[in-house]
Engineer: 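My questions will all concern the structure given below.
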Amino acid sequence: MNYRELNGMSIADGFAKFHKENPHIYKAFETQALQAIQKGRKKISSKLIINWIRWNEYLKSSDQNFKINDAYQAYYSRLFVSKYPEHSDVFNFRKLRN
């Protein structure tokens, strides 16, 4: 089954809903990306950042069902670059799946 069959919506719509309900996740993503850039990193992995957020949320969250879908990683990096176009080269982008 694909994302749409499992969730009844596209990945983009799922991300938009998740982002609206969990704005602190993007803020954490943004903070980690900017820290990496400030430390001189030329390439950043959105997967690495998302996994760091997962671990930290796991440690502090009382929500035992908290999850970040892997499909959202590409959307977080694109959201970051839309806000910081001067850093558009730090992530490698592929065609989005919907």
Engineer: Taking atom CH2 of Trp52 and atom CD of Gln35, what is their separation to the nearest 0.5 Å?
Structural biologist: 7.0 Å

Engineer: Would a distance-only check, ignoring hydrogens and angles, find a side-chain to backbone donor-acceptor pair under 3.5 Å from Lys47 to Asp70?
Structural biologist: no

Engineer: Roughly how far apart are Tyr75 OH and Ser82 OG, rounded to 0.5 Å?
Structural biologist: 13.5 Å

Engineer: Start with the C-alpha distance between Val90 and Tyr84, add both sets of side-chain angles, then the distance that settles side-chain contact (heavy atoms from CB on, under 4.5 Å), and finish with yes or no.
Structural biologist: CA-CA 11 Å; Val90 299; Tyr84 298 96; over 6 Å; no

Engineer: In Å and rounded to the nearest 0.5 Å, what is the CG to OG distance from Asn51 to Ser46?
Structural biologist: 9.5 Å

Engineer: Do Asn2 side-chain atoms and Arg4 backbone N/O form a donor-acceptor pair below 3.5 Å?
Structural biologist: yes

Engineer: What are the two closest heavy atoms between Tyr3 and Ser10, and how far apart are they?
Structural biologist: CE2-O, 3.3 Å

Engineer: Which atoms form the tightest heavy-atom contact between Leu48 and Ser45, and what is the distance?
Structural biologist: N-OG, 3.0 Å

Engineer: How close do Phe29 and Ile50 get, heavy atom to heavy atom, and via which atoms?
Structural biologist: CD1-CD1, 3.9 Å

Engineer: So which heavy atom on Ser77 is nearest to which on Phe93, and how close?
Structural biologist: OG-CE2, 3.5 Å

Engineer: Look at Glu57 together with Arg54 and state whether they make a salt bridge at an N to O cut-off of under 4.0 Å.
Structural biologist: no

Engineer: I need the Phe91 CZ to Ile49 CD1 distance, nearest 0.5 Å.
Structural biologist: 4.5 Å

Engineer: Using 0.5 Å steps for rounding, measure from the CZ atom of Arg94 to the CG atom of Asn92.
Structural biologist: 7.5 Å

Engineer: Can you classify the ring geometry of Tyr26 versus His19 as parallel (below 30°), tilted (30 to 60°) or perpendicular (above 60°)?
Structural biologist: perpendicular

Engineer: As an exercise, state the distance from CD of Gln73 to CD1 of Ile53, rounded to the nearest 0.5 Å.
Structural biologist: 10.0 Å

Engineer: Would you say Asn22's side chain and His24's backbone share a donor-acceptor pair under 3.5 angstrom?
Structural biologist: no

Engineer: Could you label the plane-to-plane angle of the Tyr76 and Phe15 rings as parallel, tilted or perpendicular, counting under 30° as parallel and over 60° as perpendicular?
Structural biologist: perpendicular

Engineer: Nearest heavy-atom pair of Ile44 and Ala33: which atoms, and what distance?
Structural biologist: CD1-O, 3.6 Å

Engineer: With a 4.5 Å cut-off on side-chain heavy atoms, are Ile11 and Tyr72 touching?
Structural biologist: yes

Engineer: Report, as yes or no, whether the 6.0 Å neighbourhood of atom NZ on Lys43 holds more than 12 heavy atoms from other residues, nucleotides or ligands.
Structural biologist: yes

